[in-house]
Amino acid sequence: MATFKAIRIDKADKGTTAALTQFDDAELMDGDVTVRVEWSTLNYKDGLALTGKAPVVRRFPMIAGVDFAGTVEQSSHPDWKAGDKVVGNGWGMGETHLGSYAEKARVKGDWLVRLPDGISARDAMAIGTAGYTAMLSALALEDHGVTPKSGPIVVTGAAGGVGSVAIAVLSKLGYHVIASTGRQSEADYLKGLGAAEVIDRSELTVPVKPLAKERWAGGVDSVGSTTLANILSMTKYGGAIAACGLAAGMDLPSSVAPFILRGVCLIGIDSVMCPIERRKRAWSRLASDLDKAKLADITHEIDLDQVISYGPKILAGEIRGRIVVKIV
């Protein structure tokens, strides 16, 4: 029987194990499109799955990885044919459906987005779920009516994957971006991406006031917890915060004050089950609104056999920007 290389996660007596191994074609799950995976990427959620630090994986055995870009090998779906270049992310891949750290993936054709013109498969994974989530966040702010004229935008977790792409996109769109980071050594890097100001994250981890001094018209937050509560309390009247992550925790020690006294809106950003039309919109905008030179500057490439060792690094905040994984 045919096999292919994959990072397989199995249940163990204590937690889980992850190993690069040969996976049997016969174990692939149902789907009407089979893709030859060429590139993947490393996201915070992938780090959680690889290390077992959180119960991301809910089926065993599991192939890890929530993103891929590649070429269709076989399809019975009307929208796809052999040779088509596609991007896949979310929909439970790497959680409940076999994921992308593998030479082959079988998925539902309805989950796929055509690789946009002007974006290579490698570029698409340099963007990955983190960058796609950043774009969904930027679109949410736009849809709420937050424009560059509204005032500054704060981006938390700025040196991470979501933060890096959010800064690059928002600055290109004309926003005054305030980058919040716990790594002041990355200030030049963040300004190179387009941040107008860099603040220490300690400013946003102080005890939360119901309302604090108004500082920004909106924000993109991948941190959660006290940080999110503080940026809400500092958001200008009628502003909005797009919340897309929980690096500091799932709690939100806030009050209703920002919402009922300043009309602030908290917008939830979900990348996993996001409807296909919004996905297409986000990828289309990434093709036009993300500076490819900046994307190249924030991207580091690794091979499939290095992925497992990088899991703990992304959880420890040791990864700057984006990691692309070369599969073949």
Side-chain angles (χ1 to χ4, degrees), residues 4-7 20 33-47 50 63-73 80 82-91 93-94 99-105 107 111-136 159-169 172 189 192-194 271 279-280 282-311 313-314 319-328:
F4 57 91
K5 285 195 300 184
I7 293 179
L20 179 61
V33 179
T34 302
V35 178
R36 183 177 74 253
V37 180
E38 295 158 5
W39 295 91
S40 187
T41 185
L42 182 70
N43 299 292
Y44 191 85
K45 182 183 284 187
D46 295 316
L50 291 164
I63 295 175
V66 302
D67 290 87
F68 68 73
T71 304
V72 173
E73 284 190 339
W80 306 108
D84 286 342
K85 300 291 186 179
V86 294
V87 177
N89 68 283
W91 303 115
M93 287 192 295
S100 60
Y101 290 152
E103 294 174 313
K104 187 177 293 189
V107 298
W111 294 354
L112 299 171
V113 174
R114 195 172 303 278
L115 189 69
D117 291 339
I119 295 182
S120 67
R122 187 183 187 279
D123 285 346
M125 289 299 95
I127 295 166
T129 284
Y132 150 75
T133 301
M135 191 72 241
L136 289 175
V162 174
S164 295
V165 177
I167 292 168
V169 167
K172 185 174 180 181
Y189 162 77
L193 289 177
S271 63
R279 289 171 182 264
K280 291 177 181 178
W283 281 103
S284 175
R285 286 289 298 273
L286 283 161
S288 62
D289 295 337
L290 178 59
D291 187 320
K292 302 303 185 300
K294 288 183 178 178
L295 182 65
D297 288 343
I298 69 173
T299 301
H300 174 66
E301 181 180 318
I302 64 175
D303 293 325
L304 185 60
D305 61 5
Q306 296 174 273
V307 168
I308 294 172
S309 67
Y310 271 73
K313 295 180 181 181
I314 196 166
I319 302 297
R320 169 208 273 186
R322 301 289 297 128
I323 299 287
V324 293
V325 180
K326 187 175 183 180
I327 305 295
V328 295

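In what follows, every heavy atom counts, from backbone to side chain, and hydrogens, waters and symmetry copies are set aside. Remember, it's a predicted structure, so these values are computed and weren't measured experimentally.
Side-chain contact of Tyr132 with Asp67: a donor-acceptor pair under 3.5 Å is absent, judged by distance alone. No hydrogens or angles considered: nothing links the side chains of Thr129 and Ser271 as a donor-acceptor pair under 3.5 Å.
Minimum heavy-atom separation, Ala134 to Val162: CB-O, 3.5 Å. The heavy-atom pair separating Val87 from Leu115 by the smallest distance is CG2-CD1, 3.4 Å. Taking both residues in full, the closest heavy atoms of Val86 and Trp80 are given as CG1-CZ3, 3.5 Å, listed atom of the first, atom of the second, then distance. Pairing each heavy atom of Leu295 with each of Leu290, the nearest pair is CD1-CD2, 4.0 Å. Of all heavy-atom pairs between Ala124 and Ile119, the closest is N-CG2, 3.5 Å. Heavy-atom minimum distance, Ser40 versus Tyr101: OG-CE2, 3.3 Å.
Looking at Ile127 and Trp283, their side chains come closer than 4.5 Å, going by heavy atoms from C-beta outward. Residues Pro116 and Leu286 are not in side-chain contact: their nearest non-hydrogen atoms beyond the backbone lie 4.5 Å or more apart. Contact annotation: the side chain of Leu112 approaches that of Phe68 to within less than 4.5 Å [non-hydrogen atoms, C-beta and beyond]. Within the 4.5 Å cutoff, no side-chain heavy atoms of Glu38 are placed close to those of Ile327.
Listed by first and then second residue, the salt bridge (charged side-chain N to carboxylate O under 4.0 Å, His left out) pairs that reach into residues 291-305 are Arg122-Glu301, sequence neighbours excluded.
When atom types are taken as modelled, the side chain of Asp46 and the backbone of Ala64 share no donor-acceptor pair closer than 3.5 angstrom. A donor-acceptor pair under 3.5 Å links the side-chain atoms of Thr41 to the main chain of Ile323, judged by distance alone. Arg279 contributes a side-chain N or O that, together with a main-chain N or O of Asn89, makes up a donor-acceptor pair within less than 3.5 Å. Looking at Arg322, its side chain never comes within 3.5 Å of a backbone N or O of Ile298 through a donor-acceptor pair. Within the 3.5 Å criterion, the main-chain N or O of Gln306 finds a donor-acceptor partner in the side chain of Ser309. Not a single donor-acceptor pair under 3.5 Å links the side chain of Trp39 to the backbone N or O of Met125. Using a distance-only test at 3.5 Å, with no hydrogens or angles considered, no donor-acceptor pair links the side chain of Asp289 to the main chain of Val169.
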- request: Evaluate side-chain contact (heavy atoms from CB on, under 4.5 Å) for Glu103 paired with Val37, printing each intermediate quantity in order.
  value: CA-CA 5 Å; Glu103 294 174 313; Val37 180; 6.0 Å; no
message: Let's go through Leu42 and Leu50 carefully: what are the C-alpha distance in whole Å and the side-chain angles of both, what is the deciding distance for side-chain contact (heavy atoms from CB on, under 4.5 Å) to 0.1 Å, and is it a yes or a no?
response: CA-CA 10 Å; Leu42 182 70; Leu50 291 164; 4.0 Å; yes
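For Tyr310, there are no ring pair (Phe, Tyr, Trp, His ring centres under 6.0 Å) partners two or more places apart in sequence or in a different chain. Every salt bridge (charged side-chain N to carboxylate O under 4.0 Å, His left out) that Asp84 has, sequence neighbours left out, goes to Lys81, Arg114.
Shown here is Lys5, whose NZ atom has no more than 12 heavy atoms of other residues, nucleotides or ligands within 6.0 Å.
Atom CD1 of Ile63 is separated from atom CZ of Phe4 by 4.5 Å, given to the nearest 0.5 angstrom.
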